[in-house]
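Here is the structure we will look at, set down as structure tokens.
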Number of protein chains: 2
Amino acid sequence: MSDKRRSTRRRRGSEQPTLQQVADAAGVSAITVSRALNAPERVNAATRIKVLATVERLGYVPNLVAGSLASARSRFIAVIVPSLANAVFIEVIHGLQETFEREGYQILLGNTDYDIEREYQLIRTFLGWSCSALVTAGLRHSEACRSLLTHWDKPIMEVMELGDALDLNVGLDHHEAGRCMARHLLAQQYRSVVYVGACLDRDYRARMRFEGHREVLHAAGLEAPMIELDQLGSLDAGATGLERVLSRYPSTNAIHFANDDLATGALLRAQRLGMTIPGDIAIAGFNGLPLGQHVTPRLTTIRSPRENMGRLAAEEVLKRLDAKRVTRRRHDVGFELLVGDST
Amino acid sequence: MSDKRRSTRRRRGSEQPTLQQVADAAGVSAITVSRALNAPERVNAATRIKVLATVERLGYVPNLVAGSLASARSRFIAVIVPSLANAVFIEVIHGLQETFEREGYQILLGNTDYDIEREYQLIRTFLGWSCSALVTAGLRHSEACRSLLTHWDKPIMEVMELGDALDLNVGLDHHEAGRCMARHLLAQQYRSVVYVGACLDRDYRARMRFEGHREVLHAAGLEAPMIELDQLGSLDAGATGLERVLSRYPSTNAIHFANDDLATGALLRAQRLGMTIPGDIAIAGFNGLPLGQHVTPRLTTIRSPRENMGRLAAEEVLKRLDAKRVTRRRHDVGFELLVGDST
DNA sequence: CGCTATCATGTTAGCGCTAACATAGTTTTA
DNA sequence: TAAAACTATGTTAGCGCTAACATGATAGCG
């Protein structure tokens, strides 16, 4: 029970060298190696070169877990999206990833499948990873989630939509987008317009667009019928949507779809059925995905700056992380009506 | 310099309670709280309930970084793909994510943009996070990357293609897929067939398919011209591809595209140009994306079981992590020729 | 030439958690 | 009924790294 009581009872998964071993091999202290790697300017050039050579020689890979624990911060950014099936989120993620990776941050990606409870679970887990910031899609969260986040002191970025955000906000006004398309359809003299969406309780931004749409139609003294599909945005669902409109509202002359996937699915189905667009029926979408611009007739839609939204969101978060500089909290990335030949 | 020399000099970002605080509040030791959370069956039911109630009451969120350091393993799975722009990888990721998340693993997603050096960098970083396993797309890696990985003792899964893998392998035979489609085109009596791909040096699986294709055409005594685009799979690139074929090989009667995006882009462009498919020109793709099945004529393509591939890969990795059970190392998920109306 | 300022590096003490061993209480077994 | 086996919980010692402070060397200054 003397000094002999050494501590050999330790695991050690692989035989990865540690910082200390690099330090010993280089003839410096551990902290110098740490600094040579993480804050090179704080180390004399000659020492730095010697240390980095040793790092190379031993094949040292820093244990980021240990580093994060010691410094109480990781270079993780939690990113939470409601779906991976939708190209929109992929592009936003892409914009985020590019920008964050350039600064050495790693994205932790979570997918809620449009389930607000799942968001809470994911956020809990992510907080446990000492993320440097959180980027999440949307402004609606569960109560538990809100209270968790209000006690959190790192940047929180809510993207996609605009409104009363917890912290930072980059997005666009979905009500206004819905109004915009409805006005366009009315201006084109369509009077019998159906809105078709999918799972609007979960994809509530699509519902917001519907509300804008309905407002405009009501203001013009028109009905605003709506059909809700139970399969989230897909070409298949769009085809189903078209058929349902045709059987339920046969006199319809325009369909306003909640997104481009649905709209394109409907457009392709209509063509397969031998219908003329926009002669027999006009079709409009939302998102401005490339697909809609490749079909003939080109789809009338609303383009949202998706990758840009990701990039801007990342930049704003980075600004905050850098200097805690006070930045504008809300950024409206806007949208653009893209008039194709389908309306 | 007596006992007074207490350690108050510690940061502590947010006022998150620690395991110890939960333990104190619940009147047990820290390890009991740890067990109540991570191995509930090792704690008496009454104690467990008491502890979990305290956890709830204090809003305790486990510090996963500390846990990972102490246990030398994180519940991270590194996943590396060459692109997010391609729906194929999204679907594989989806399959992986679903399966891994169910078992409480978190995916660390890396995107190489088809750059093999970038893969090495990403893997280095990911190893630093003590990932439990690595899933990467493809069998080709840089030398540095190979040597890094051969010294790593956790499961490595290479997906998408089949062959001489480092460890586990789930994929399909791209040479054979190329051959399969070429045989189909020959069987349909097309004799002047061009292969169109994009960035085949980076997307080398597309090149493998081309090689299979060429093999079959040569065996039939035919030329196998190829056009390489410099923009990765997109509808736009496909349209360009079509135009380039028409101008360079005007007598072509079938185009074998490296993937469905290209093929569909070409098909839609052909239609816009007023061409008949397959009358004027036949078009074939690869992947079996839904899009290709919604256009008219339906695209002839090869369906790969994408989500399945992700799911199977994840399951095999999990088996390994669970029990180190010896599993089959190589799984051929196969593919299926989907004869549409475009050939 | 003593004083402070700056630079380069080192020492110490944890970050919050869990593995491994230790201990006490309870049940089983021969 | 004592030893063995199991159950429930605790104690101890780090995991590998970095923050904060400490130290020593050199430079700058009037």
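By convention in this document, chain letters (A, B, ...) are assigned in the order of the sequence lines, proteins followed by strands, and residues within each chain are numbered from 1.
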Side chain to side chain, L84(B) and F89(B), heavy atoms closer than 4.5 Å: no
Any donor-acceptor pair under 3.5 Å from Q106(A) side chain to L109(B) backbone: yes
Let me know the distance between CH2 of W129(B) and P of dC17(D), rounded to the nearest Å. 12 Å
Short side-chain N/O contact to dC17(C) OP1/OP2 from S34(B), under 4.0 Å: no
When rounded to whole Å, the CZ to C1' distance for the pair R73(A) and dC17(D) reads 12 Å
Rounded to the nearest Å, what distance is computed from the CG atom of residue L69(B) to the C1' atom of nucleotide dG14(C)? 12 Å
Which of the following nucleotides, dA19(C), dC15(D), dT18(D), is nearest to the side chain of I31(B)? dA19(C)
Does OP1 or OP2 of dC17(C) have a side-chain N or O of S68(B) closer than 4.0 Å? no
Could you check D167(B), I156(B), L166(B) and say which one makes a side-chain contact (heavy atoms from CB on, under 4.5 Å) with T150(B)? L166(B)
Just how far, in rounded Å, is C1' of dG16(D) from CG of L127(B)? 16 Å
With the side chain defined as heavy atoms from C-beta on, R35(A) is closest, among dT9(C), dC17(D), dA19(D), to dT9(C)
What are the two closest non-hydrogen atoms of R140(A) and E119(A), and how far apart are they? O-OE1, 3.8 Å
Would you check if R202(A) and I116(A) make a side-chain contact, meaning some heavy-atom pair closer than 4.5 Å? no
List for me each residue that meets ring pair (Phe, Tyr, Trp, His ring centres under 6.0 Å) alongside F100(A), sequence neighbours excluded, and say none if there are none. none
G27(A) or Y60(B): which one's nearest nucleotide on DNA chain C is closer to the 5' end? G27(A)
Return the value, rounded to whole Å, for the distance between atom CD of Q16(A) and atom C1' of dG16(D). 12 Å
Check T112(B) against P82(B) and note the closest heavy-atom contact, atom names and distance. OG1-CA, 3.2 Å
In degrees, rounded to 10°, what is the bend between the two ends of the helix from dC1(C)-dG30(D) to dA30(C)-dT1(D), using five pairs at each? 30°
Could you state the atom-to-atom distance from CD of Q20(B) to C1' of dG14(C) in whole Å? 14 Å
For residues I80(B) and L134(B), determine if any side-chain heavy atom of one lies less than 4.5 Å from a side-chain heavy atom of the other. yes
What is the distance, rounded to the nearest whole Å, between atom CG of L19(A) and atom P of dG16(D)? 11 Å
Below 6.0 angstrom between ring centroids: does that apply to F126(A) and W152(A)? no
For dT18(C), does OP1 or OP2 lie under 4.0 Å from any side-chain N or O of S71(B)? no
Identify whether any heavy atom of V65(B) sits under 4.0 Å from a base atom; if not, whether one sits that close to sugar-phosphate; answer base, sugar-phosphate or nothing. nothing
Strand contacts (DNA chain D) in residues 37-53 of chain A, 4.0 angstrom heavy-atom criterion: N38(A)
Will you find, in the side chains of Y204(A) and E161(A), an N or O donor that is under 3.5 Å from an N or O acceptor? yes
Between R75(A) (CZ) and dC17(D) (C1'), how many Å, whole number? 16 Å
Selected nucleotide, minimal atom distance to S29(A) side chain, candidates dG10(C), dT18(D), dT9(D): dG10(C)
